Amino acid sequence: MNDINLKIKIGGLELKNPVMVASGTFGYGLESKDFFDLNRLGAIITKSLSLKPRIGNPPQRIVETPSGMLNAIGLANIGVENFIKEKLPELKKLDTKIIVNIAASSVDEYVECVKILNYEDIDAFEINVSCPNVKEGGLEFGRDLKKVGEITNKVVASTNKPVIIKLTPNVTYISQFAKVAKEEGATAVSAINTFVGMAVNIFTRRPKLSHNTGGLSGPAIKPLALAKVYEILQNVDIPVIGIGGITNSEDALEFLITGAKAIQVGTHNFVDPSAPVKIIDGIRDYLQKFGFNDINQIIGSLQVNQ
Ligand SMILES: Cc1cc2nc3c(=O)[nH]c(=O)nc-3n(C[C@H](O)[C@H](O)[C@H](O)COP(=O)(O)O)c2cc1C
C-alpha cells in the first residue's frame with residue numbers, strides 16, 4: 001500500500017499529494033493544527049493577503065444556502081507584513097508547500113505584494129483576480145481579459161516562484177482567461193473561485209448579505225466547477241488545480257480524472273476540518289483497489305463520450 005505514488009508536479013512545483021486547502025477556508029494555515037497533522041497536506045494556501053490589513057465587509061457576511069453557502073467577507077486579512085511577522089515563521093516549520101494567495105485593488109498592489117514576499121521562504125503564489133479593480137470602475141479584474149493578462153505578466157516578471165492564477169467562473173468562457181494566463185507566463189491556473197449569488201430575507205425584504213450579493217461555494221457548485229475545469233483542459237495546455245464543492249475522495253477523483261493535476265478543499269473544511277486527510281486516504285484506497293500504483297495514471301484518464 002505504501003508504494004503507491006501520490007506525488008504530482010505542477011511545473012516546477014512538486015507536491016507530496018494532490019490535496020491542498022483552499023484560500024479563505026483554512027485561515028493562515030495553522031488554525032487547524034489540532035485536527036490533523038498539517039504535514040500530510042500537499043499544500044496550504046493562505047487566506048488572500050493584501051498590501052495593507054483589511055477589515056472586510058460588515059456582517060452579515062455568510063449565509064447558508066441549499067448544499068452550499070454564500071460569503072461576502074470582503075477579503076478581510078492581516079496584510080502582507082503582519083503575515084510575514086506573525087504567521088510565516090510557524091508555517092515555514094511545516095513539511096508541506098506554502099502557497100501565498102494575493103488579493104489587490106490595483107495591478108501595482110499585486111506586484112508590490114509579490115515583491116515583498118518573493119524573498120521569503122514560500123513555494124508559490126496564487127493570485128486571486130476576483131477582486132474589484134478599484135482604480136478603474138470596480139469591475140473584477142478576473143472578468144477583464146486584458147487585466148488578467150497584465151496582472152499575470154507583471155507578477156511573473158516580479159518573482160522567480162511559480163505563479164498560479166485563480167480564475168473566476170463568472171465569465172462566458174473561462175478557457176479564454178486560462179489561455180491569457182498561460183500566454184503571460186503563469187505556471188498553472190486554479191479553477192474556480194465562487195459564483196456570484198444572492199439570497200433575500202422575505203420578512204425584512206432585504207438581501208441577507210450586507211453586501212447584497214456574495215460568492216456561492218460548496219457542493220452546489222461542484223458540477224459547475226467540474227465543467228469549467230473540463231472547458232479549460234479541452235482548450236488550453238496548462239496545469240489546472242480543481243476547486244469547487246469537493247467534500248470527499250470521490251469528488252476529488254472526478255476532478256483528477258477530468259485532468260486537474262491537483263485539487264483544493266474549500267467550504268467543506270468548515271463542516272469537517274479533517275476532510276483533507278480523509279480525501280488523501282480515500283484517493284490512495286481507490287488507486288489500490290483499482291490496481292494503480294501512481295496517481296498520475298488516473299490524472300486526465302477521462303474517456304469522453306463521442
Ligand atoms: C468563507 C470563504 C472565504 C473565502 N476567501 C477566499 C479568499 O480570501 N481568497 C480566494 O482566492 N478565495 C476565497 N474563497 C474561495 C475558495 O477558496 C474556493 O475557491 C471556493 O469557495 C470554491 O470551493 P469550495 O466550493 O470547495 O468552497 C473563499 C471561500 C469561502 C467559502
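Treat the numbers as computed from the prediction; the structure is a model and nothing was measured. As a basis for the values below, the full set of heavy atoms in this structure was taken, side chains included, without hydrogen atoms, waters or symmetry mates. When a ligand or atom number is given, it counts from 1 through the structure's own listing order.
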Enumerate donor-acceptor pairs with a distance under 3.5 Å from any side-chain N or O in residues 203-213 to protein atoms, sequence neighbours excluded.
{"unit_1": "Thr204", "atom_1": "OG1", "unit_2": "Arg206", "atom_2": "N", "d": "3.3"}
{"unit_1": "Ser210", "atom_1": "OG", "unit_2": "Pro58", "atom_2": "O", "d": "2.7"}
{"unit_1": "His211", "atom_1": "ND1", "unit_2": "Thr213", "atom_2": "O", "d": "3.1"}

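- Gln264 contributes atom CD, which lies 5.0 Å from atom CD of Glu126 (distance to the nearest 0.5 angstrom).
- A salt bridge links Glu136 with Lys147: the closest approach of a Lys/Arg side-chain nitrogen to an acidic carboxylate oxygen falls below 4.0 angstrom.
- The aromatic rings of Phe26 and Phe36 lie tilted to each other, with the angle between the two planes from 30° to 60°.
- Expressed to the nearest 0.5 Å, how far CG of Leu94 lies from CG of Leu38 amounts to 5.5 Å.
- When all heavy atoms are compared, the tightest approach of Thr168 to Gly142 is CG2-O, 3.3 Å.
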Tabulated below should be the N or O atoms of ligand 1 paired with protein N or O atoms at under 3.5 Å; can you produce that?
{"unit_1": "ligand 1", "atom_1": "5 (N)", "unit_2": "Lys47", "atom_2": "NZ", "d": "3.2"}
{"unit_1": "ligand 1", "atom_1": "8 (O)", "unit_2": "Lys47", "atom_2": "NZ", "d": "2.8"}
{"unit_1": "ligand 1", "atom_1": "8 (O)", "unit_2": "Ser48", "atom_2": "N", "d": "3.4"}
{"unit_1": "ligand 1", "atom_1": "8 (O)", "unit_2": "Ser48", "atom_2": "OG", "d": "3.3"}
{"unit_1": "ligand 1", "atom_1": "9 (N)", "unit_2": "Ser23", "atom_2": "OG", "d": "3.0"}
{"unit_1": "ligand 1", "atom_1": "9 (N)", "unit_2": "Ser48", "atom_2": "OG", "d": "2.8"}
{"unit_1": "ligand 1", "atom_1": "9 (N)", "unit_2": "Asn128", "atom_2": "ND2", "d": "3.4"}
{"unit_1": "ligand 1", "atom_1": "11 (O)", "unit_2": "Asn101", "atom_2": "ND2", "d": "3.1"}
{"unit_1": "ligand 1", "atom_1": "11 (O)", "unit_2": "Asn128", "atom_2": "ND2", "d": "3.3"}
{"unit_1": "ligand 1", "atom_1": "11 (O)", "unit_2": "Lys166", "atom_2": "NZ", "d": "3.1"}
{"unit_1": "ligand 1", "atom_1": "12 (N)", "unit_2": "Lys166", "atom_2": "NZ", "d": "3.0"}
{"unit_1": "ligand 1", "atom_1": "14 (N)", "unit_2": "Ser23", "atom_2": "O", "d": "3.2"}
{"unit_1": "ligand 1", "atom_1": "17 (O)", "unit_2": "Ser23", "atom_2": "O", "d": "2.7"}
{"unit_1": "ligand 1", "atom_1": "17 (O)", "unit_2": "Lys166", "atom_2": "NZ", "d": "2.7"}
{"unit_1": "ligand 1", "atom_1": "19 (O)", "unit_2": "Lys166", "atom_2": "NZ", "d": "3.0"}
{"unit_1": "ligand 1", "atom_1": "19 (O)", "unit_2": "Ile192", "atom_2": "O", "d": "3.0"}
{"unit_1": "ligand 1", "atom_1": "25 (O)", "unit_2": "Gly218", "atom_2": "N", "d": "2.8"}
{"unit_1": "ligand 1", "atom_1": "25 (O)", "unit_2": "Gly245", "atom_2": "N", "d": "2.7"}
{"unit_1": "ligand 1", "atom_1": "26 (O)", "unit_2": "Gly245", "atom_2": "N", "d": "3.2"}
{"unit_1": "ligand 1", "atom_1": "26 (O)", "unit_2": "Gly266", "atom_2": "N", "d": "3.2"}
{"unit_1": "ligand 1", "atom_1": "27 (O)", "unit_2": "Thr267", "atom_2": "N", "d": "2.7"}
{"unit_1": "ligand 1", "atom_1": "27 (O)", "unit_2": "Thr267", "atom_2": "OG1", "d": "2.6"}

